[in-house]
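One structure is given below, encoded as structure tokens.
As the structure lists them, so they are numbered: ligands from 1, and atoms in each ligand from 1. None of these values were measured; they are calculated from a predicted model.
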Amino acid sequence: MIKIAMIGGGAGGLITTSKLSAELSEEIKQEKVSITIFDRKETQEFQPGYLETAFRGTKPEKLKRPVDKLISKGVKTVHADCASLDLDNHQIITEKNQEKYDFDYVIVSTGCSPDYSQIPGLKEANMDFYTDAEVSSRIFSTLQTIKSGRIVVGIAGLPYKCPPSPNEAAFMADEYLRRHDLRKNVDITFITPYTRIYTAEPINEVIEPLYSERNIESRTVFNTDSVDPARKEITSLEGDTVKYDYLFLTPPHKPAEFLKGTDFADDEGWVKVDKRDLHITDHDYAFAIGDTNNIPTSKAGVEAHLEGIVVANNLAMNVTGEGTKHFFTGRTQCSMETGFHHATFVVGTYDRPVEKIKPTVTNYAEKKVMEGIYWASLHGHYEWLFKYHFKKDYFAESPT
Ligand SMILES: Cc1cc2nc3c(=O)[nH]c(=O)nc-3n(C[C@H](O)[C@H](O)[C@H](O)COP(=O)(O)OP(=O)(O)OC[C@H]3O[C@@H](n4cnc5c(N)ncnc54)[C@H](O)[C@@H]3O)c2cc1C
């Protein structure tokens, strides 16, 4: 029996195991292969929906699905946290009862989460749309009480997931206030450590004029050092300050705790992988996909998806001895809502810089279609559409 372990049953974990279960269905039926997901959660959430919950009031329950309904045929689950991963001895130890599980192949897809410990005062002062749906809904409850003052949004620290999301928050807060005829009483300030409003110049060129048009103030090269909740003031490493009444900042993110201090992760715990085939450095039977690895691309669901498809293909090929090896192209495609039913996309690969795409209603409609098929896509039902959409970026047949 060949044992395949997936640590993390979120976006990357589910799409990868669904592809593996399809590719290895015969082997699973004949009990030659087993696939097991390790994850503490019994419910998954549609994370891109946190913005809708925060700024449009979508109910948290609408973003949730029970994990058992998302698992593909033949895939088993262990509802437990992974406490340690010993790659050399092929062993996972779970937190609950310190149980040990052996594997032949392992894939890590444990994502990342807000790390408030890095910025003094931030936790007390901030409301975010990254932790979970309930925490995001606190922003909407607060928005409904605002009559005047200053909202500060933006990037408090790096890295974080979904690069456009802080900008989306600025546009969505602006839209909410305009629709409620409150914009003239409420200022919006966007802070960022980068030298421009959006780090990739082609996208900056399309959104910077919108910031001026919508009267959203921006403070660039602002590296948040600390927040003083009593004075309602943010101080940067550069020595600047920004006053706020309401703080909806993007906190820096961290990987899962058990990865820190291992020899296969960097000093902060991001897993070191080959950026083309996603194998963990020096371990060709171990892989890391999605937000938790250290590849030079965005931390976003599209990457987790396309990386997972590559890893599942190559792993199935190792097991069956059939097929050809695939490589990840570095393709990103993050939607950026610019308010009032318009959106742009941040699109690029390892070899092609980010494109300049103007915000349109059509892009917004495409984003909505993608949201509509999200849960079904985790079962692999829409792979034909992704293959058609991403074309030569879906995977590469050679590493260069
Ligand atoms: C506001 C917002 C907007 C976004 N918008 C977009 C978008 O428009 N487009 C896009 O592509 N992406 C978007 N994303 C990002 C996308 O949701 C993530 O990049 C994606 O979910 C990453 O998949 P993953 O598998 O790496 O991690 P996740 O989906 O986060 O899954 C990680 C899983 O690992 C589990 N886990 C963690 N630690 C352990 C442990 N020790 N043991 C066992 N299990 C563990 C967790 O419980 C979780 O289920 C957005 C995210 C946010 C927050």
Side-chain angles (χ1 to χ4, degrees), residues 5-17 36-55 58 63 65 67 70 77-85 92-96 101 107-114 128-133 135-136 139 159-169 172 248 250-251 253-260 269-271 278 288-293 295 297-308 311 331-337 343-347 363-364 366-368 370-371 374 377-378 386:
M6 168 63 75
I7 313 179
L14 289 167
I15 191 76
T16 309
T17 48
T36 307
I37 296 179
F38 295 80
D39 198 313
R40 70 179 84 109
K41 290 186 185 164
E42 305 212 354
T43 304
Q44 283 292 343
E45 297 187 345
F46 174 58
Q47 297 180 33
Y50 294 167
L51 279 157
E52 288 280 333
T53 296
F55 296 100
T58 298
L63 307 184
R65 289 287 184 285
V67 168
L70 301 169
T77 50
V78 172
H79 287 300
D81 253 353
C82 170
S84 81
L85 170 61
I92 291 168
I93 301 180
T94 57
E95 223 158 70
K96 214 163 53 184
Y101 295 84
I107 307 164
V108 182
S109 188
T110 41
C112 61
S113 56
D128 75 61
F129 43 90
Y130 297 89
T131 301
D132 62 31
V135 170
S136 308
I139 294 183
Y160 65 92
K161 57 182 134 185
C162 188
S165 51
N167 302 92
E168 293 186 280
M172 291 170 86
F248 307 143
T250 298
H253 282 51
K254 61 178 178 188
E257 228 29 71
F258 75 93
L259 297 167
K260 281 185 200 160
W270 307 105
V271 184
L278 293 319
I289 60 164
D291 295 349
T292 196
N293 67 26
I295 60 173
T297 182
S298 319
K299 297 196 181 299
V302 168
E303 275 85 341
H305 184 140
L306 296 178
E307 290 167 28
V311 167
R331 171 70 185 235
T332 188
Q333 175 157 336
C334 272
S335 57
M336 185 196 289
E337 245 199 91
T344 175
F345 283 103
V346 181
V347 173
N363 290 337
Y364 179 79
E366 187 181 318
K367 172 184 153 78
K368 289 288 151 194
M370 289 299 177
E371 286 177 12
Y374 176 74
S377 75
L378 297 179
F386 290 104

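Here the shortest heavy-atom pairing between W270 and H253 reads CZ2-O, 3.5 Å. Taking all atoms of both residues into account, the shortest heavy-atom contact from G9 to Q44 is O-NE2, 2.8 Å. The nearest pair of heavy atoms linking C112 to D291 is SG-CB, 3.7 Å.
The shortest N or O to N or O distance between D291 and ligand 1 is below 3.5 Å. Residue S165 has no nitrogen or oxygen atom sitting less than 3.5 Å from a nitrogen or oxygen atom of ligand 1, judged on distance alone. Looking at ligand 1, you won't find any N or O of Y50 less than 3.5 Å from one of its N or O atoms. Considering both main-chain and side-chain atoms, V302 comes within under 3.5 Å of ligand 1 through a nitrogen or oxygen pair. Backbone and side-chain nitrogen or oxygen atoms of C334 are examined, and none is located within less than 3.5 angstrom of a nitrogen or oxygen of ligand 1. Taking only nitrogen or oxygen atoms, main chain and side chain alike, S109 reaches within less than 3.5 Å of ligand 1.
Side-chain N or O atoms of E45 include none that pairs as donor or acceptor with a backbone N or O of L63 at under 3.5 Å.
Set against the non-hydrogen atoms of G290, the atoms of ligand 1 under 4.0 Å away are 26 (O).
The heavy atom nearest to atom 7 (C) of ligand 1, out of those in G49, C162, S84, A80, is found in C162. Among F345, Y130, F129, F38, the residue whose heavy atom lies closest to atom 43 (C) of ligand 1 is F38. For the residues P255, G10, P48, the heavy atom positioned nearest atom 13 (C) of ligand 1 is part of P48. Nearest to atom 28 (P) of ligand 1 by heavy-atom distance, out of K367, H305, E303, Q47, is Q47. Among S335, G12, G8, the residue whose heavy atom sits closest to atom 25 (O) of ligand 1 is G12.
We find that E52 and K368 are joined by a salt bridge, their nearest charged nitrogen and carboxylate oxygen being less than 4.0 Å apart. Using a 4.0 Å cut-off between charged nitrogen and carboxylate oxygen, E303 and K299 do not count as a salt-bridge pair.
The single protein non-hydrogen atom nearest to atom 38 (N) of ligand 1 is R40 NH2, 3.1 Å, given as residue, atom name and distance.
At least one heavy atom of Q44 sits closer than 4.0 Å to an atom of ligand 1. At least one heavy atom of D81 sits under 4.0 Å from some atom of ligand 1.
Annotation: side chain of D39 is not in contact with side chain of T77 (no heavy-atom distance under 4.5 Å).
Residue-level proximity to ligand 1 for F258 is carried by the side chain, the only part with a heavy atom below 4.0 angstrom. Only the side chain of K41 comes within 4.0 Å of ligand 1, counting heavy atoms alone; its backbone N, CA, C and O stay farther away. Contacts between A304 and ligand 1, counted as non-hydrogen atom pairs separated by less than 4.0 Å, involve the side chain only.
Aromatic ring orientation, Y160 versus Y130: perpendicular (interplanar angle above 60°, classes split at 30° and 60°). Taking the six-membered ring where tryptophan is involved, the planes of F55 and F248 are perpendicular, since the angle between them exceeds 60° and thus also 30°.
Considering I107, T110, V108 in turn, I107 is the only one that fulfils the side chain to side chain contact (heavy atoms under 4.5 Å, CB included) rule with M6.
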